[in-house]
Amino acid sequence: MKSLDPNQIRLQFPILNREVNGKPLIYLDHAASAQKPLAVIEAQREYLSHYHSNVHRGVHALSNQATEAFESARRSVSASINAEFVEEVIWVAGATDGINLIAQSWGRDNIKQGDVVLITEMEHHANIVPWQMLVKACGARLEAVGVTDDGVLDKTDFQNKLKLQPKLVALTHVSNTLGTINDVKFWADEAHAAGSIVLIDGSQAMPHMDVDVQALGCDFYVFSGHKAYGPTGIGVLYGKRQLLEEMSPWRGGGEMIDVVSLKHGTTFAGLPYKFEAGTPHISGAIALGVALNWIQGIGKGAMQDHENTLTAQARRGLGQIEGLRLIGNAPNSSSVVSFVVDDVHPYDIGTLLDSQGIAVRTGHHCTQPLMERFGVVGTVRASFGAYNTLQEVDALVSGTQRAIRMLKG
Amino acid sequence: MKSLDPNQIRLQFPILNREVNGKPLIYLDHAASAQKPLAVIEAQREYLSHYHSNVHRGVHALSNQATEAFESARRSVSASINAEFVEEVIWVAGATDGINLIAQSWGRDNIKQGDVVLITEMEHHANIVPWQMLVKACGARLEAVGVTDDGVLDKTDFQNKLKLQPKLVALTHVSNTLGTINDVKFWADEAHAAGSIVLIDGSQAMPHMDVDVQALGCDFYVFSGHKAYGPTGIGVLYGKRQLLEEMSPWRGGGEMIDVVSLKHGTTFAGLPYKFEAGTPHISGAIALGVALNWIQGIGKGAMQDHENTLTAQARRGLGQIEGLRLIGNAPNSSSVVSFVVDDVHPYDIGTLLDSQGIAVRTGHHCTQPLMERFGVVGTVRASFGAYNTLQEVDALVSGTQRAIRMLKG
Amino acid sequence: MNETLEARQVEIVEEFESFEDWMDKYEYVIELGKSLNSMPESAKLDDHLIRGCQSRVWLVAAKNDDGTIRFEADSDAIITKGLVALMVRALNGLTPKAVAEADLWFIAKIGLDTHLSPTRANGLQSMVQQMRHYGLAFQAKG
Amino acid sequence: MNETLEARQVEIVEEFESFEDWMDKYEYVIELGKSLNSMPESAKLDDHLIRGCQSRVWLVAAKNDDGTIRFEADSDAIITKGLVALMVRALNGLTPKAVAEADLWFIAKIGLDTHLSPTRANGLQSMVQQMRHYGLAFQAKG
Ligand SMILES: Cc1ncc(COP(=O)(O)O)c(C=O)c1O
Ligand SMILES: Cc1ncc(COP(=O)(O)O)c(C=O)c1O
């Protein structure tokens, strides 16, 4: 495996040349959204400048060119997650949109009064609220697997809750707040043994590690493009073909129909179009395909190695700061580091880091139940991508020290 | 009012320099999707290259910059449709997404067994299928106002159907197939008098004519960005504040919540965020704001004048071709011309125009009920934007003549 | 690789080589479409219909006494029909095996492959697939 | 335009002018935050809470005998509290009318206006609005 030179990679990210507050930008907010390589930016510009057209059904050359590129992007996605069939890849607006699609289509078809839907305490709101809304509408019940002090799923609790025979287990692959990598293959097997359907929220996994939906054995897998070096407004819902075929459509409109008749009713298109009503986000899909190919070119293995090095150094450096407590200490974790400091508000640290040019995120990171679990109002979260360097990690550590000195001193 | 020089405008559209099939591109498929001016393409590139970041709640400078631009785009939209309150502007993925939001939120809250939803025979599938799905789920009934031979709403039929006291009237502002401009202000008043809520599908109006939601008096108005010179994957749902406030959220997730608790349940954010779950299409929203400002800069009045000239010339020229029948002859119509030719399949004409570099759309244009109404399998549709010229219209007419000669000869 | 099929494809490509531009090519495709016998309306059953979003194709296959396949096809769009005619000409009278394995490279060679793209609205791609299926099916029946 | 308010804003701006960079500015804001009296926990009622997504602000207003307004405020984040202290300093002891109409231009002038953006998560924007509302309310009560 080739190792990765972040300084080479940085050259491809125009935003990393800029300053904020008079300091060179140090972008450590990758988990909120990744910055974009030139290849992605240019793919979108190129599309809009040279072959934009509405896709499908067009007789003209532009429309065919756009359609080819759009469908070829679907094939890139399919390859990058090793889907069995390309029509298992559904374009959605993002992970949130994808989870809502499952909740409102598969969920409304399958969740009945008294049924259990099982999530975990470390889910992002995107993987909580749609299920709260669903169980409320259906008279079902939502259960959540607990998290240990280290930020790992509580194995006993999980196994006990599987005994409730949940209809669905919806689980994040990687926690956006703790960095914890869940053993989703193991849990998918356990959940299947309990008769559940398994949805994996891959938002924080797709940008960082190999994802093979067949090997994981999950039924659904979702992720957002913008976290995987792709553009905003586009994401992917993978579903096993048979499940998708059985599901009712969610959004109605053009593209997703076969025959529309006011007298005889409407019949729907086959996969993947049944779930893709309306003009799709064509430029977004094409550029997401480019982003995934770009990741492939660098190699997820090399990325993960590099990011692990950064994360380890950050954990080491921050861990030595007095009064600082890391939130999330899973043995198997990704490039996210969350922390709190005694008697200091995360917002203050975030503000002072920002004034040193260092962009981190503070707050609940859309995981309020997890904040409650750890008894904190929020955390400071630094998260890393392929373009971050050890020097930037060092700046984070010393910047945090300086901030704390100012705040406590 | 300044008049418009299409040759000046063309300079701003890089795609118009290209050739297809060895001929200069003549793009007459505006109604399917508009081409993009440089200002829009560059806004998106600029955003991704220099200040991309996830919006809202960020403490860092990039996040604030992105949020400001994102919210300022919302203000541009609000101004361009003259909304009373900026929070009445909800970002959606497109017109289709917006209509589905209304159907699945307002619709499920308000449509009960036996209720009537009223649409028209000239609606796009996006304004048919969501209602078919809704009435099926709720045990309600869908009725459609008929269309006269000229392609105008049948006034008597409309007034009769309003006597059914429909809960909702969903009506297109401009027909994408016929070009007919409906008197939506008149029908909104009539519908309100009958106690209905009124949704206007503005997809084909927003790119061409002044839209003032307060003057129109509609309750909801939707349109897609990509038809209004903006990017793909973004659109707008306007709704009257009070209605939106009463509506249940549709998609659950981040951004749309206030407090999420597994124990105590979840409370939702205020407008507009209640309806904007998940990371929004930030670059799309920003570039759509730019597109609407760009339109403003040229002036919709000037655009409409120019487009009317093109359309009149096209109708005149095509109307003289033997065996050619214009579908849609409304006295008040927009820059869309649909036609069929005796004994000739639209696909053949479209193919031969394409080989002359002329991009038109053929088929049912996502209005199958309208095709049924006119007894045709499809039409050839040419549609014009600000960048089209009279020469291009002439090329369309002579190209169509040539195609017909080849096909019939 | 079937020699008859190869020879036919070479022949078609040669015919198209003389055309200078697209309009000439289509002129010829239209001619082919017109000269292909239309199927009687009674034979245009839904069972034989391959629906594209725009133009429709009907396809019937039968076995000749010598075990080869005979195709009959039609379309409501004349350009589609011309392309259908080319396919039929290429594959008619071949053995089921040859049909099932047919590599129709001539379409790309004459530059009309965009009409066969799966995203194209004319049903041609499905027709080619359907022809191969017939090849397989008739092979199976022996 | 209220002269007291203007004079106070000018004063604050002068104080900030000496700082060369952001860190120095924040150093001073933090100091201001620390020197503002904390509200007793018992006074931090939900009624007085202005919730930002991240830091929280509590605000209480009362009328002095001479009809002017007295504000007390606090925040759980120290930088927010420092900014709160500046607001209170600017507006304390003014008449309800002056508070209701206050134009707090000093915030932008000292470069801390990003903290007051409506999209900012700290509740400050809502606090300023709330202060003005108190001004209006106390005016109405006469
Ligand atoms: C009148 C009308 N309504 C709705 C739509 C749907 O728009 P979109 O596909 O962008 O969601 C269209 C465009 O196709 C249209 O022309
Ligand atoms: C784990 C996880 N799930 C879901 C989401 C939601 O993604 P989006 O906001 O792009 O829909 C995020 C990102 O915020 C996330 O980190």
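Order of the sequence lines sets the chain letters (A, B, ...), proteins ahead of strands, with each chain counted from 1. In what follows, every heavy atom counts, from backbone to side chain, and hydrogens, waters and symmetry copies are set aside.
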Within 6.0 angstrom of [X] [atom1], more than 12 heavy atoms from elsewhere:
X        : atom1 : value
B:Arg325 : CZ    : no
C:Asp46  : CG    : no
B:Lys408 : NZ    : yes
B:Glu19  : CD    : yes

Relative to chain B, which segment of C:Ile30 carries a heavy atom at a distance below 4.5 Å: side chain, backbone, both, or neither? side chain
Segment of C:Lys25 engaging chain B (4.5 angstrom heavy-atom cut-off): neither
Distance, nearest 0.5 Å, that separates CD1 of C:Ile78 from CG of B:Asp348: 7.0 Å
Mind checking the NZ-CH2 spacing from B:Lys23 to C:Trp22? Nearest 0.5 Å is all I need. 10.5 Å
Checked B:Val344, B:Thr362, B:Val377 vs chain C; the most non-hydrogen pairs under 4.5 Å come from B:Thr362
Exercise: identify the closest heavy-atom pair between [X] and [Y]:
X        : Y        : value
B:Ser355 : C:Met23  : OG-SD, 3.0 Å
C:Ser55  : B:His345 : CA-NE2, 3.8 Å
C:Lys34  : B:Met406 : NZ-O, 3.5 Å

Could you walk me through whether C:Thr80 and B:Thr351 pass the side-chain contact (heavy atoms from CB on, under 4.5 Å) check? CA-CA 10 Å; C:Thr80 308; B:Thr351 301; over 6 Å; no
